[in-house]
Number of protein chains: 2
Amino acid sequence: MGGAPSATAVTTAFARRLAQLVPLSGEEAAVLGELQSVTRSVQRHRDIITEGRHYGSIFIVLEGNGIRYRILHDGRRQIVNIVLPGDVVGVLGHVIESSLYSTKALTEMLVATIPFPRVNALYETHPRLLAKIFWWLSCETAIYAEHLVDLGRRTALERVAHFLLELLARLQSVGLAADQSYKIPLTQELIADALGLSIPHVNRVLRRLREDQLVVVEDQRVTVKDLDGLSEFADFEPSYLTRFAGGELLAG
Amino acid sequence: MGGAPSATAVTTAFARRLAQLVPLSGEEAAVLGELQSVTRSVQRHRDIITEGRHYGSIFIVLEGNGIRYRILHDGRRQIVNIVLPGDVVGVLGHVIESSLYSTKALTEMLVATIPFPRVNALYETHPRLLAKIFWWLSCETAIYAEHLVDLGRRTALERVAHFLLELLARLQSVGLAADQSYKIPLTQELIADALGLSIPHVNRVLRRLREDQLVVVEDQRVTVKDLDGLSEFADFEPSYLTRFAGGELLAG
DNA sequence: CGATTTCTTGATAGGGATCAAGGTCTGTGG
DNA sequence: CCACAGACCTTGATCCCTATCAAGAAATCG
């Protein structure tokens with residue numbers, strides 16, 4: 001479905017999500033596109049951001065998937081977010097994120113690198129665009145909040161169901177998922193670490209969801225068999241991901 | 001410690017945190033102060049934001065505490081954030097938050113109300129200030145991420161310890177907590193709903209922490225008895241709250 | 001001062017972790 | 001083309017952390 005893997009084509013992932021939130025002028029779109037012109041590819045399993053390091057750039061994901069995670073001193077790992085095309089990595093990098101979280105590529109990734117000085121230049125030349133970008137970033141809080149509800153008050157079955165539906169909706173919003181299916185290299189270990197579960201238990205939960213004809217996870221692909229049933233079961237309410245449009249803020 | 005409860009004095013909570021992140025010009029500080037000049041008080045237990053409603057304003061908390069929470073269809077509640085002075089409520093209100101989360105006052109609160117049109121005006125007149133504000137809001141993601149680690153990979157004991165330390169640090173950053181103690185009307189039910197635990201278990205955990213001479217929660221006050229011991233036990237790393245300063249982004 | 005609300009404590013149960021051991025698949029090198 | 005290693009999945013047995021259920025104290029409030 002997506003265009004060729006050239007930078008300009010993929011650029012849309014970030015720009016289109018931003019445009020869903022607030023209208024972008026033609027010039028702003030051009031600036032955005034130009035910002036993403038310097039790219040770099042990241043090998044599978046490599047870190048984009050390593051805990052404790054400093055970086056001189058932020059990164060916009062153009063292609064591929066990654067995870068943002070934290071390792072506790074005793075080795076426990078918590079994945080706080082799945083990084084998808086259109087996501088921004090490293091904004092907090094030089095102030096806080098650097099010392100706590102790492103971001104690693106799950107697949108080979110293509111990222112646009114934007115040096116801080118360029119962002120700062122934007123602050124002078126296109127402050128309104130920058131306001132829009134940061135506003136968008138602040139909206140991502142909603143994804144974290146929903147994830148918190150998952151971990152705090154949902155059973156393992158509901159968690160997994162909700163998690164898989166959220167990924168579906170997020171990928172759809174950037175045109176990377178079909179109606180009920182998407183490709184992503186999720187292992188059971190990744191699901192476990194994202195949802196605070198153990199690997200064997202994730203295995204059992206997935207089997208259960210499969211047997212109930214709700215979702216199937218196999219071959220790096222998630223296929224939702226019964227969207228309504230699964231959504232109801234997971235108490236899934238996609239508005240926090242898709243209903244960004246329509247806000248009056250910054251609409252001018 | 002804080003000044004008189006006049007709007008100008010309390011204004012500092014938000015402004016000072018923003019200033020910790022990026023330098024503010026004198027004019028920007030003035031605009032910020034003026035933005036917070038229209039205030040409203042909220043009675044204890046009342047909602048500032050009710051799920052599903054729309055609002056024409058955003059709110060900056062000047063005094064008092066609240067919670068941001070979500071009720072699932074079957075009544076389970078998850079508190080996603082404790083709202084403290086200097087926090088902003090309702091930014092996402094009209095697009096998404098409105099349909100999912102409520103914010104309720106724990107104590108009587110004083111909030112500044114800023115109508116959307118005023119924010120939009122800022123977009124024209126002070127876009128750089130707006131960029132700074134939204135940048136700050138996006139930094140709050142770090143608090144959510146840390147909360148996710150709590151719920152996903154920490155034991156009940158560690159969670160409670162970490163939670164109480166985070167509140168200490170956050171209140172200190174706005175000058176509302178002493179070295180090792182702060183006042184906040186936390187019930188065990190609130191702690192339970194914030195940390196995904198049951199009330200009886202919170203009770204036992206608190207007793208344990210008290211017996212171990214680590215923290216005491218009583219009379220709407222939290223007193224840390226052994227800051228180092230507790231921090232180590234909870235694996236608490238306050239940099240995600242306080243090390244905002246020093247970023248080169250927007251520093252100009 | 002009666003009535004919620006909040007806190008405590010105990011008994012029981014269950015969801016999910018942990019431990020353990022195969023099985024399966026994939027890529028690699030001989 | 002086969003052998004092998006390493007990653008990943010599967011399943012079973014057992015245990016334990018924490019939820020639930022229950023029922024009183026204690027504190028707070030109108």
Side-chain angles (χ1 to χ4, degrees), chain A residues 43-46 67 72 74-79 104-108 150-164 183-211 215-222 233, chain B residues 43-46 67 72 74-79 104-108 150-164 183-211 215-222 233:
Chain A
Q43 292 306 306
R44 212 163 155 242
H45 299 155
R46 306 294 301 247
I67 54 175
L72 299 191
D74 63 354
R76 285 173 288 182
R77 178 174 75 166
Q78 176 65 40
I79 294 172
K104 147 188 311 198
L106 240 41
T107 64
E108 174 158 7
D150 266 358
L151 296 189
R153 289 295 181 207
R154 286 199 244 258
T155 65
L157 224 49
E158 293 168 326
R159 270 183 229 190
V160 174
H162 195 275
F163 175 74
L164 296 175
K183 193 167 178 317
I184 193 172
L186 281 182
T187 66
Q188 296 184 353
E189 183 179 17
L190 288 168
I191 298 176
D193 283 344
L195 300 179
L197 299 170
S198 67
I199 300 173
H201 202 242
V202 167
N203 184 285
R204 287 168 185 124
V205 166
L206 288 178
R207 166 154 41 100
R208 178 71 187 285
L209 290 172
R210 193 190 322 129
E211 287 171 356
V215 231
V216 176
V217 180
E218 61 179 6
D219 284 341
Q220 315 210 327
R221 171 166 288 281
V222 177
F233 173 71
Chain B
Q43 291 306 308
R44 207 162 158 245
H45 298 158
R46 305 295 301 250
I67 53 175
L72 300 192
D74 62 354
R76 284 173 289 183
R77 179 173 75 167
Q78 177 64 40
I79 294 171
K104 139 183 326 192
L106 242 39
T107 64
E108 174 160 5
D150 267 358
L151 296 189
R153 289 297 180 206
R154 288 199 242 256
T155 66
L157 225 48
E158 292 169 326
R159 270 182 230 190
V160 173
H162 194 275
F163 175 73
L164 295 175
K183 193 168 178 313
I184 192 171
L186 280 182
T187 65
Q188 298 183 353
E189 183 180 15
L190 289 168
I191 299 176
D193 283 344
L195 300 180
L197 301 168
S198 67
I199 299 171
H201 202 242
V202 168
N203 185 285
R204 289 168 184 126
V205 166
L206 288 178
R207 169 160 30 109
R208 178 72 186 285
L209 291 172
R210 192 191 323 129
E211 287 169 357
V215 232
V216 177
V217 179
E218 62 181 3
D219 286 340
Q220 316 210 326
R221 172 166 287 282
V222 176
F233 173 70

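Note that the coordinates shown come from a computational prediction; the quantities given were computed from them, not determined experimentally. Chain naming here is simple, since letters A, B, ... match the order of the sequence lines and numbering starts at 1 in each.
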Is any side-chain nitrogen or oxygen of B/Arg207 closer than 4.0 Å to OP1 or OP2 of C/dT9?
yes
Mind checking the CD-CZ spacing from A/Gln78 to B/Arg154? Nearest 0.5 Å is all I need.
9.5 Å
Minimum-distance pair of heavy atoms, taken over all atoms of B/Phe163 and B/Leu186:
CE2-CD1, 4.0 Å
Rounded off to whole Å, could you give me the CD-to-C1' distance for the A/Gln220 and D/dA7 pair?
12 Å
Nearest-Å distance for atom pair CZ/C1', residues B/Arg44 and C/dT5
10 Å
Name all residues meeting the side chain to side chain donor-acceptor pair (under 3.5 Å) criterion together with A/Arg204; count only those two or more places apart in sequence or in a different chain, and write none if there are none.
none
If we only count heavy atoms from C-beta on, is the B/Leu195 to B/Val202 side-chain gap below 4.5 Å?
no
Considering only heavy atoms, which members of residues 184-192 of chain A lie under 4.0 Å from some atom of DNA chain C?
none
Within this structure, what is the CZ-to-C1' distance between A/Arg76 and D/dC17, rounded to whole angstrom?
13 Å
Just to verify, what does A/Arg46 make a side chain to side chain donor-acceptor pair (under 3.5 Å) with, not counting sequence neighbours?
none
Apply side chain to side chain donor-acceptor pair (under 3.5 Å) to B/Arg153 and list each qualifying residue two or more places apart in sequence or on a separate chain.
A/Asp193
Side-chain N or O of B/Asn203 versus OP1/OP2 of C/dC7: is the shortest distance under 4.0 Å?
no
From CD of B/Glu218 across to P of D/dT28 the rounded distance in Å is 11 Å
Nearest 0.5 Å please: distance from the CD atom of A/Gln220 over to the NZ atom of A/Lys183.
5.0 Å
What is the separation between atom NE2 on A/His45 and atom C1' on D/dA7, rounded to the nearest whole Å?
9 Å
Listed partners of B/Arg76 passing salt bridge (charged side-chain N to carboxylate O under 4.0 Å, His left out), at least two apart:
A/Glu158, B/Asp74
Distance check needed: D/dC17 C1' versus B/Arg208 CZ, whole Å only.
13 Å
Could you run down nucleotides 16-29 of chain C 5' to 3' and tag each one B, S or - for protein heavy-atom contact under 4.0 Å?
BSBB----------
Within 6.0 angstrom of A/Arg208 CZ, more than 12 heavy atoms from elsewhere:
no
